[in-house]
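Below: one structure, written as structure tokens.
To find a chain, count down the sequence lines: A is the first, B the second, and so on, and within it residues start at 1. Basis for what follows: all heavy atoms, side chains included, without hydrogens, waters or symmetry-related copies.
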There are 2 protein chains.
Amino acid sequence: MGRQPSAKPTSFDIAYLAGVSQPTVSRALRGSKSVSAATRANIERIARELNYTVDKNASSLRSQRTHTLALLFFEDPTPDESMINPFFLSMLGSITRECARRGYDLLISFQQMHNDWHVAYQDSHRSDGIILLGYGDYQLYLTKLEHLVEMGTKFVRWGSVSEEGIGLTVGSDNVGAGEQAGAHLIEIGRRNIAFLGDASDHAPEFQDRYDGLCRAMRAAGLDPDPALQRDAVSSEDSGYAAATSLLAGAQPFDAIFAASDLIAIGAMRALTEAGLRMPHDVAIIGFDDIPAASLTSPTLTTLMQDMKGAGTLLVDALLARIEDRPVEQRILPARLIRRQSTAVQGSSGGRLGAVF
Amino acid sequence: MGRQPSAKPTSFDIAYLAGVSQPTVSRALRGSKSVSAATRANIERIARELNYTVDKNASSLRSQRTHTLALLFFEDPTPDESMINPFFLSMLGSITRECARRGYDLLISFQQMHNDWHVAYQDSHRSDGIILLGYGDYQLYLTKLEHLVEMGTKFVRWGSVSEEGIGLTVGSDNVGAGEQAGAHLIEIGRRNIAFLGDASDHAPEFQDRYDGLCRAMRAAGLDPDPALQRDAVSSEDSGYAAATSLLAGAQPFDAIFAASDLIAIGAMRALTEAGLRMPHDVAIIGFDDIPAASLTSPTLTTLMQDMKGAGTLLVDALLARIEDRPVEQRILPARLIRRQSTAVQGSSGGRLGAVF
DNA sequence: CGCCATAGGGTATACGTATACGCATAATAT
DNA sequence: ATATTATGCGTATACGTATACCCTATGGCG
């Protein structure tokens, strides 16, 4: 008995102690202007003393606002279900923090693409809005997005901003990043640049990166060779397979731009097994700058996406949409991180230049 | 107007359509025995047609059960705040999935150690229980745990099971894993084994791993040398610093057991810079088997924790505690993953054996 | 044939908060 | 000095569900 947790104090308890009515407590704590400074201060003091916190459920029920955002990971169904794209995991941190800063809770759910859409619908009931994250087959979830729009659900998604998408999108400047990658490879003298990553409209982001690469090549007077493109989804195995297929092809190449670091890592494995040296024989650039990129051998040049900015922007945009404020699409710049996989002596030299 | 989303349907709506009262709808959908099969089927059909979902807030408010678990990450305050221990991130996936399977929502929040504990208390209002995850200064949050217990909050934490802890703990068999690491190093002929990781009671898990190592050494007739132990927290930089300090010391060593892969990776960088070859001059073992462990050069031998099992067990234990079912501490075995960093020819040889 | 148990479901109400109103009092305007 | 408005707060009620309690009809039993 002794120090009973005295149940959970309610706004009535603190109202009683403050000598006011329950609604006044509610008003005071929510910052209403129609409560005097003295009263408010008193109420806040008592609330603190009692360790009082507003009951989230009651509050949400009454106000019809949950102050919760839902984060939906879409994954391609992968055999190894525990492997999550590291890039999105890094974004999780910044999203969480931004939510906390805004006083929002974050609900998490993972979702296999093929699963019942009902889950997302439920999530929309438990939260004020949804953040959609995930690579994967884009077409597959287009209809689902339409469904969301139809139901008036508020959501933002991470993805390709360039295409005329459904709903609000925040994403990296994939075309610009592709250009940077291409320009860098050209600068170190490479001419035959391969691209590993889905270039169909099933993966608009990868397509954008490829477009950027092509643009950079054309700007340098080069002609992108479609035979040097291989489809790949964002996984090591897929990268390995794509690179293997590339090696089996007839077209010679002296550089690879991989649509993600995971693809690049897989490709590096294939190249190493084939006895090719990097960057001497083949220079390689990835995308994302996952932690592993600085651990590979050689360390991987890559394009770093601004994950911290991404989290902030996503939450920001979603809240704006929830509060019916105007929002426009936002694009985040990517930054080239130079590492060993493209480090050759001098700015020319190409595949002929000896490294030492 | 046309196909108005017709607002959100309530249990009254579907009760009206089914020709029953609202409570009957509630009973039917919650699986109460006192509603006939026919009525239930009818109600379920109508509910599905209207896309009805139970209002989480109202339900929680009335029943005082939120059907939500909170996941609290504790981090040591790090300058680079975006870096989250990869190991815990992998666990996130399995926890999420397990929650979903049990019909629970998962609320996420990251928490700097030094932050106001009040936040966690609030979480206890929003969830039925808390899962605590995080390396970090253990002493620092002991008092906070006591606070939780005092308030009757249900929680589980991931950590060292061996110590007489507060609250319910699920964790790997750190002592056993340390023994495995030691035995393996001894088996390949190493005698002077260093340990990188906090061996104080600020980090019980690391201490357990060290204890295991010492046990294995003693079992082989070796005497653990305290001069070969260096404190380190789980980060690459800390590992680098610890290894550097070790190299500066007078004691020779031919093997390192690092308390985490991140530490090991940092240490490998220091060794490489010092011109030492692995495993020839120094064999090294990490802990966790993060994805990066298979990418280092040489690839890193490590002890894999059963993350999938961990997620399941954590959720399982927490639910048991919430439902006042009896639970006991659970220990998960770790598995030795042999890679290049301990791969020497033959089972003896030590630092003298040439690799080729 | 009367009694009681049981199935099936209705009635009333509570969960804790937020908000629409209304009503004083005090501060202005006229 | 009266009409007007703002200030500060209380009264009443709604949010959507779950549960305690009560009631009716049926069937089994003696």
Side-chain angles (χ1 to χ4, degrees), chain A residues 5-44 46-47 50-68 103 105 122 124-128 323, chain B residues 5-44 46-47 50-68 103 105 121-122 124-128:
Chain A
S6 59
K8 193 177 58 172
T10 75
S11 54
F12 282 97
D13 296 328
I14 101 137
Y16 175 77
L17 290 178
V20 297
S21 70
Q22 176 268 329
T24 299
V25 172
S26 173
R27 282 188 281 250
L29 297 179
R30 304 221 50 228
S32 159
K33 285 182 51 91
S34 64
V35 56
S36 75
T39 307
R40 180 195 316 282
N42 189 33
I43 287 176
E44 280 171 347
I46 297 179
L50 291 203
N51 253 336
Y52 167 80
T53 54
V54 175
D55 184 293
K56 198 83 190 337
N57 295 311
S59 171
S60 299
L61 176 58
R62 174 62 231 241
S63 65
Q64 300 296 66
R65 298 275 321 272
T66 65
H67 267 262
T68 297
D105 285 336
Q122 286 195 345
S124 76
H125 265 289
R126 305 182 196 312
S127 64
D128 295 337
E323 293 158 12
Chain B
S6 61
K8 195 176 58 171
T10 74
S11 53
F12 283 97
D13 297 328
I14 101 137
Y16 175 75
L17 290 177
V20 297
S21 71
Q22 176 270 328
T24 299
V25 172
S26 174
R27 281 188 281 249
L29 296 179
R30 305 222 50 230
S32 159
K33 284 184 49 93
S34 63
V35 55
S36 74
T39 307
R40 181 196 314 282
N42 189 33
I43 288 177
E44 280 171 348
I46 297 180
L50 292 202
N51 252 336
Y52 168 81
T53 53
V54 175
D55 185 294
K56 199 82 189 342
N57 294 312
S59 170
S60 299
L61 175 58
R62 174 62 231 242
S63 65
Q64 300 296 65
R65 299 273 324 270
T66 65
H67 267 262
T68 297
D105 285 336
Y121 174 71
Q122 288 193 343
S124 78
H125 266 283
R126 296 155 206 243
S127 65
D128 295 336

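Judged as a side chain to side chain donor-acceptor pair (under 3.5 Å), and not counting sequence neighbours, A/Ser60 has no contacts. Judged as a side chain to side chain donor-acceptor pair (under 3.5 Å), and not counting sequence neighbours, B/Ser59 has no contacts. Applying the side chain to side chain donor-acceptor pair (under 3.5 Å) rule to A/Gln64 yields no partners; only residues at least two apart in sequence or on another chain are considered. The salt bridge (charged side-chain N to carboxylate O under 4.0 Å, His left out) search around B/Glu44 returns none, not counting sequence neighbours. Judged as a salt bridge (charged side-chain N to carboxylate O under 4.0 Å, His left out), and not counting sequence neighbours, B/Arg30 has no contacts. Taking the side chain to side chain donor-acceptor pair (under 3.5 Å) definition, one finds that A/Thr10 meets it with nothing, sequence neighbours left out.
With axes fitted over five pairs at each extremity, the angle between the ends of the helix from C/dC1-D/dG30 to C/dT30-D/dA1 is 40° (10° resolution).
Here salt bridge (charged side-chain N to carboxylate O under 4.0 Å, His left out) pairs that include residues 32-42 of chain B, with residues two or more places apart or in two chains, number zero.
A/Thr39 has a side-chain polar atom (N or O) that falls below the 4.0 Å cut-off from OP1 or OP2 of D/dC9. A close approach under 4.0 Å does occur between a side-chain nitrogen or oxygen of A/Ser36 and OP1 or OP2 of D/dC9.
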Summarise how protein sits on nucleotides 15-20 of chain D as a single string, 5' to 3': B when a protein heavy atom is under 4.0 Å from the base, S for sugar-phosphate-only contact, - for no contact. BBBBBB

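Side-chain contact between A/Tyr52 and A/Ile46 is absent, with no heavy-atom pair separated by less than 4.5 Å.
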Determine all donor-acceptor pairs shorter than 3.5 Å in which one atom belongs to a side chain in residues 16-26 of chain B; sequence neighbours excluded.
residue: B/Ser21; atom: OG; partner: B/Thr24; partner atom: OG1; Å: 3.2

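Contact between A/Lys56 and A/Asp105 at its shortest, heavy atoms only, is NZ-OD2, 3.6 Å.
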So which protein N/O to nucleotides 22-25 of chain D N/O distances come out below 3.5 Å?
none

